[in-house]
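Working notes, structure below.
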Amino acid sequence: MPSRQRTARKTSQPVTAVEFKSAMRQVVSPVAVIAAQKGNTRAGLTATAVCSATADPPTILVCINRSSRAESMITGSGAFSVNFLHEGQSGIARLFSMPKLDSDARFAEGVWTRGVTGSPLLQGAISAFDCQVIETVPCGTHSIFLGRVVAVGSAEASPLLYRDGFFQRLAMG
Ligand SMILES: Cc1cc2nc3c(=O)[nH]c(=O)nc-3n(C[C@H](O)[C@H](O)[C@H](O)COP(=O)(O)O)c2cc1C
C-alpha cells in the first residue's frame, strides 16, 4: 500500500519541471555509466535515462544532456557504451556524476577496456552494451541516442539502483 496517496491534479496548467522531477524521484531506476571515446579522449557520465528500445534488432535508448562532455563525444565518435553497475559500484556512479571532474579521474576507478566500436567498457559491469549510434533525436535539453548493440556482456550480480536522491540496493524476499 502507498504510504501517501497522491493523485494527478486535474488542471490545464502545464506541468512544471519541479513537479515532473518530484514525481520522477519516486521511480526506481537501474544506474549505468554511458561512455564514449574518440582517439585518446574519452568521456562518460552516470545515467538513469536508459532503456531497451527493441530486441529485434537489439537497440538501446539513452538520454544525454547536451551540456555534458559525453554528449559531444558520442556525437563525434558515433558510438557509446552502456555499463549497468552492480551494488558495489556506487563509487563509480558518484565519480561519473561529479560536475567538472575530469575524465582521467572518472576512469581511474574500475577496469576499463575498449569495445568493438572503440567505446570504453567497464569490466565486471552487470551488463555492458557496445553500441553504434543509428539515430539522434533532440528533445529539450537532451539528445536521445538510439544505439544498435554490436557487442554485449553480462555478469551475475545484484544491481545498483537509484531512488529519491539515493543509491540503493535491491531488497530480496
Ligand atoms: C543517479 C544519476 C542519474 C543521472 N542520469 C542522467 C541521465 O540519464 N542523463 C544525463 O544527461 N545526466 C544524468 N545525470 C547527470 C550526470 O551524471 C552529471 O551531470 C555529469 O556530471 C555530467 O557529466 P559532465 O560533468 O561531464 O558534463 C545523472 C546523475 C545521477 C547522480
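Just so you know, ligand 1 is whichever comes first in the structure, and atom 1 is the first atom listed for that ligand.
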Self-check item: Numbered atoms and elements of ligand 1 in range of Tyr162, under 4.0 angstrom, heavy atoms
Solution: 1 (C)

Self-check item: For Ser68, atoms of ligand 1 separated by under 4.0 Å from a heavy atom
Solution: 27 (O)

Quiz item: When rounded to the nearest 0.5 angstrom, what distance separates CD1 in Ile60 from CD1 in Ile134?
Solution: 11.5 Å

Self-check item: Polar side-chain atom of Thr75 near backbone of Met73 as donor-acceptor pair, under 3.5 Å
Solution: no

Practice problem: Taking the six-membered ring for Trp and the single ring otherwise, decide whether the centroids of Phe107 and Phe96 are under 6.0 Å apart. | Solution: yes

Quiz item: With a cut-off of 4.0 Å, which atoms of ligand 1 are near a heavy atom of Ala49?
Solution: 8 (O)

Quiz item: atom 23 (O) of ligand 1: which of Arg106, Arg94, Met98 has the nearest heavy atom?
Solution: Arg106

Quiz item: So, the side chain of Asn83 versus the backbone of Val33: is there a donor-acceptor pair under 3.5 Å, distance only?
Solution: yes

Self-check item: Pair Arg66 + Glu71: basic N to acidic O under 4.0 Å
Solution: no

Quiz prompt | Expected output: side-chain Arg106 to main-chain Gly44 donor-acceptor under 3.5 Å | solution = yes

Quiz item: Which atoms from ligand 1 have a heavy atom of Ala47 less than 4.0 Å away?
Solution: 4 (C), 5 (N), 6 (C), 7 (C), 8 (O)

Exercise. Just jot down the ligand 1 atoms closer than 4.0 angstrom to any heavy atom of Cys63, in number order.
Key: 7 (C), 8 (O), 9 (N), 10 (C), 11 (O)

Practice problem: May I ask which of Leu45, Thr46, Leu101 has a heavy atom nearer to atom 15 (C) of ligand 1 than the others do? | Solution: Thr46

Quiz prompt | Numbering as shown, the atoms of ligand 1 that approach Asn65 to under 4.0 Å (heavy-atom distance) | solution = 10 (C), 11 (O)

Quiz prompt | Verdict with reasoning, Asp130 to Val152, per side chain to side chain contact (heavy atoms under 4.5 Å, CB included) | solution = CA-CA 6 Å; Asp130 191 12; Val152 67; over 6 Å; no

Quiz item: At under 4.0 Å between heavy atoms, which part of Glu71 makes contact with ligand 1: side chain, backbone, both or neither?
Solution: neither

Exercise. Check each atom of ligand 1 against the heavy atoms of Phe96 and keep those under 4.0 Å away; list them by number with element.
Key: 17 (O), 20 (C)

Quiz item: Under 4.0 Å from any heavy atom of Ile64, which atoms of ligand 1 are there?
Solution: 11 (O)

Self-check item: Heavy-atom protein neighbour under 4.0 angstrom from atom 19 (O) of ligand 1
Solution: no

Exercise. Using modelled atom types only, decide if a donor and an acceptor are shared between the side chain of Gln168 and the backbone of Arg163 within a distance under 3.5 Å.
Key: yes

